[in-house]
Amino acid sequence: MTNGVEVQKRWNPLRNLYAWVMRNAEGPHAWAVMAAIAFAESSFFPMPPDFVMIPMALKDKSRAFVLAAWCTAWSVAGGLLGYAIGSLLYDSVGQWLINVYGMGSDIDAFRAAYNKYGALMILQGITPIPYKIITIASGFAGMDLGLFVVLSVITRSLRFGMVASLIYFFGEPVRLAIEKYLEVVLVVFLVIVVAGYFIARYVFH
């Protein structure tokens, strides 16, 4: 069993990567890297900031909620970029993304569907629907910008706050579980991500 910094003697790229992240969780650029990932993930980047936030919080669980707030702020800022892509770049990037996400080629039908189900955004923090889809869809559908920001703050706070709570109250068991079942945790995470895209396609089709 590793301690989060040491790795098994046998070569394992996943565990080597985990050990590297844990070693650099206190690095001088850790906060900036997490902010950049949180910002980019809200509109186009596939990797969530949890990969940096969780190791940093495990290093010092007393700052778990500060890290959650930091992630929330940058994620909402990135969400505004996603909103702008949906609102201002429909004829180029926007139309292509609608087709990629399988949301249909009829923009009027899509907007009608989003106006009907857009309230699901308030649940986004506890569903597997990727936030980037919500931000771009909100721009496509012309959701009120003020409402979009308010709901984003609520859902992102909920999302990262749940992670922070788990680490703050169950830090050591969480760390041990991740290290013991690292491969399983990654597979489960990937399944959730893929499921989120399928749910989004069904809801907004």
Side-chain angles (χ1 to χ4, degrees), residues 14 17-18 20-59 63-103 120-121 124-141 143 145 148-164 167 185-186 189-201 204:
L14 180 58
L17 177 61
Y18 174 79
W20 180 85
V21 172
M22 288 296 289
R23 284 196 303 270
N24 289 275
E26 293 286 354
H29 306 297
W31 288 79
V33 169
M34 186 174 65
I37 293 176
F39 181 89
E41 186 267 341
S42 297
S43 55
F44 62 88
F45 195 60
M47 187 177 79
D50 304 67
F51 283 109
V52 181
M53 175 187 167
I54 291 175
M56 290 179 67
L58 287 174
K59 281 285 187 180
R63 64 182 182 180
F65 292 106
V66 176
L67 289 166
W70 182 253
C71 269
T72 297
W74 284 100
S75 184
V76 173
L80 291 174
L81 174 60
Y83 185 98
I85 290 174
S87 178
L88 305 175
L89 301 177
Y90 168 72
D91 291 332
S92 54
V93 180
Q95 190 171 27
W96 176 75
L97 285 171
I98 284 182
N99 292 327
V100 167
Y101 294 142
M103 297 176 186
L120 285 174
M121 184 176 178
Q124 187 278 330
I126 54 176
T127 71
I129 298 177
Y131 181 54
K132 62 180 65 63
I133 291 182
I134 296 296
T135 65
I136 295 171
S138 297
F140 283 150
M143 173 180 265
L145 183 58
F148 168 78
V149 172
V150 170
L151 292 179
S152 289
V153 171
I154 293 173
T155 58
R156 294 279 84 185
S157 297
L158 209 68
R159 162 78 168 75
F160 297 120
M162 287 190 296
V163 175
I167 295 174
V185 170
L186 179 61
F189 174 79
L190 291 176
V191 168
I192 291 174
V193 170
V194 172
Y197 282 101
F198 277 104
I199 291 173
R201 290 184 64 176
F204 299 124

On a heavy-atom basis, which atom in Val153 and which in Thr72 lie closest, and how many Å separate them? O-CG2, 4.2 Å

Could you tell me whether the side chains of Ser43 and Thr135 share a donor-acceptor contact shorter than 3.5 Å? no

Is the side chain of Trp74 donor-acceptor paired with the backbone N or O of Ala36 at a distance under 3.5 Å, no angle test? no

Within the side chain of Ser87, is there an N or O that forms a donor-acceptor pair under 3.5 Å with the backbone of Tyr83? no

Minimum heavy-atom distance between Arg63 and Met56, given as atom pair plus value: NH2-O, 3.0 Å

Could you give me the CA-CA distance, side-chain angles and deciding distance for Asp50 and Phe160, then say whether side chain to side chain contact (heavy atoms under 4.5 Å, CB included) is met? CA-CA 8 Å; Asp50 304 67; Phe160 297 120; 4.2 Å; yes

Before giving the answer on side chain to side chain contact (heavy atoms under 4.5 Å, CB included), spell out for Cys71 and Arg156 the whole-Å C-alpha distance, their side-chain angles and the decisive distance to 0.1 Å. CA-CA 8 Å; Cys71 269; Arg156 294 279 84 185; over 6 Å; no

Quick check for you: to the nearest 0.5 Å, what is the distance between Leu158 atom CG and Leu151 atom CG? 12.0 Å

Note: Ala164 and Ala68 closest approach over all heavy atoms is CB-CB, 3.9 Å

Do Val149 and Leu80 touch side chain to side chain, with heavy atoms closer than 4.5 Å? yes

Smallest separation among heavy atoms of Phe65 and Gly161, with atom names: CE2-O, 4.1 Å

Between Trp70 and Met34, what is the shortest heavy-atom contact and its length? CD1-CE, 3.2 Å

Pairing of Arg159 and Glu41 as salt bridge, 4.0 angstrom limit: no

Value rounded to 0.5 Å, distance of NZ in Lys59 from CD1 in Ile54: 15.0 Å

Please determine whether side chain to side chain contact (heavy atoms under 4.5 Å, CB included) holds for the pair Phe39 and Val76, giving the CA-CA distance in whole Å, both sets of side-chain angles, and the decisive distance to 0.1 Å. CA-CA 7 Å; Phe39 181 89; Val76 173; over 6 Å; no

Heavy atoms only: give me the nearest Ser152-Thr155 pair and the separation to one decimal. O-OG1, 3.3 Å

What is the ring orientation for Tyr131 with Phe148, classed by angle as parallel under 30°, tilted 30 to 60°, or perpendicular over 60°? parallel

